[in-house]
Amino acid sequence: QVQLVESGGGLVQPGGSLRLSCAASGRTVSSSAMGWFRQAPGKARDVVSVISGGWSGGRKYYADSVKGRFTISKDNAKNMVYLQMDSLKPEDSAVYYCAATSRGLYTVDKNDYDYWGQGTQVTVSS
């Protein structure tokens, strides 16, 4: 049984930083693509960032709105995926979800992701 558990969300002022963590069990983060998605109230769930499967995780995707501010990474030994979020803006406020796909080493389509965490709230406000 695959479980994904996010942590690290919270309240932060604009310009601040947070680091989200995703602990995976029942599936290794090296076996397929892993992604971070977010959903704000009244909006659809959108992709934020994806890291490819395999040991190197060499292919990464970032939504245009977070390029240059967010960094995705993973630790295969610890079976963890991270999202470092810097220069946060109020529009980054949302519930952030970690997800895993069984459909290959790289995809940015949320419909390809089979396993989801429960989400962690990120609120950027002064």
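Position 1 is the first residue of the sequence, and the numbers go up from there. This structure is a prediction, so every number in the text was calculated from the model and none was measured. Only this structure's heavy atoms are used, side chains among them; waters, hydrogens and symmetry mates stay out.
In terms of heavy-atom proximity, Cys22 sits nearest to Trp36 at CB-CZ2, 3.7 Å. When all heavy atoms are compared, the tightest approach of Gln39 to Ala94 is O-CB, 3.5 Å. When every heavy atom of Asp86 is checked against every heavy atom of Ser17, the shortest pair comes out as OD1-OG, 2.8 Å. Between Thr107 and Tyr113, the closest heavy-atom pair is O-OH, 2.6 Å.
Ring centroids of Phe37 and Trp116 are separated by less than 6.0 Å, placing the two rings close together.
Distance alone, capped at 3.5 Å, is enough to place a donor-acceptor pair between the Glu6 side chain and the Gly119 backbone.
Legend: residues meeting side chain to side chain contact (heavy atoms under 4.5 Å, CB included) with Val124, ordered by chain and number and at least two apart, are Val12, Pro14, Leu88, Pro90, Asp92, Ser93, Val122. Applying the side chain to side chain donor-acceptor pair (under 3.5 Å) criterion to Ser25, with sequence neighbours excluded, gives no partner residue. Under the side chain to side chain donor-acceptor pair (under 3.5 Å) criterion, Tyr96 pairs with Arg38, sequence neighbours left out. With sequence neighbours excluded, no residue satisfies side chain to side chain donor-acceptor pair (under 3.5 Å) with Arg19. For Ala100, the side chain to side chain contact (heavy atoms under 4.5 Å, CB included) partners at least two apart in sequence or on another chain are Leu4, Arg27, Met34, Tyr115. For Arg103, the side chain to side chain contact (heavy atoms under 4.5 Å, CB included) partners two or more places apart in sequence, or in a different chain, are Thr101, Asp112, Asp114.
A distance of 4.5 Å separates CE of Met80 from OG of Ser21, quoted to the nearest 0.5 Å. Put simply, OG on Ser87 and CZ on Phe70 are 9.0 Å apart, with the number rounded to the nearest 0.5 Å. With rounding to the nearest 0.5 Å, the separation of CD in Gln118 from CD in Gln3 is 9.0 Å. Taken to the nearest 0.5 Å, the NZ atom of Lys74 stands 6.0 Å off from the OG atom of Ser30. Rounding to the nearest 0.5 Å gives a distance of 9.5 Å between CG of Leu11 and CD of Gln121. Atom-to-atom distance recorded for Ile51:CD1 and Tyr106:OH is 10.5 Å, nearest 0.5 angstrom.
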The test is side-chain contact (heavy atoms from CB on, under 4.5 Å); show your working for Tyr62 and Arg69 and say whether it passes. CA-CA 10 Å; Tyr62 297 97; Arg69 301 188 298 121; over 6 Å; no
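With Leu20 as the fixed residue, the side-chain contact (heavy atoms from CB on, under 4.5 Å) test singles out one of Val81, Leu83, Ile72: Leu83.
Cluster annotation: Tyr97 is not connected to Val29 through the hydrophobic network of ILVMFWY side chains, with a link wherever side-chain heavy atoms come within less than 4.5 Å.
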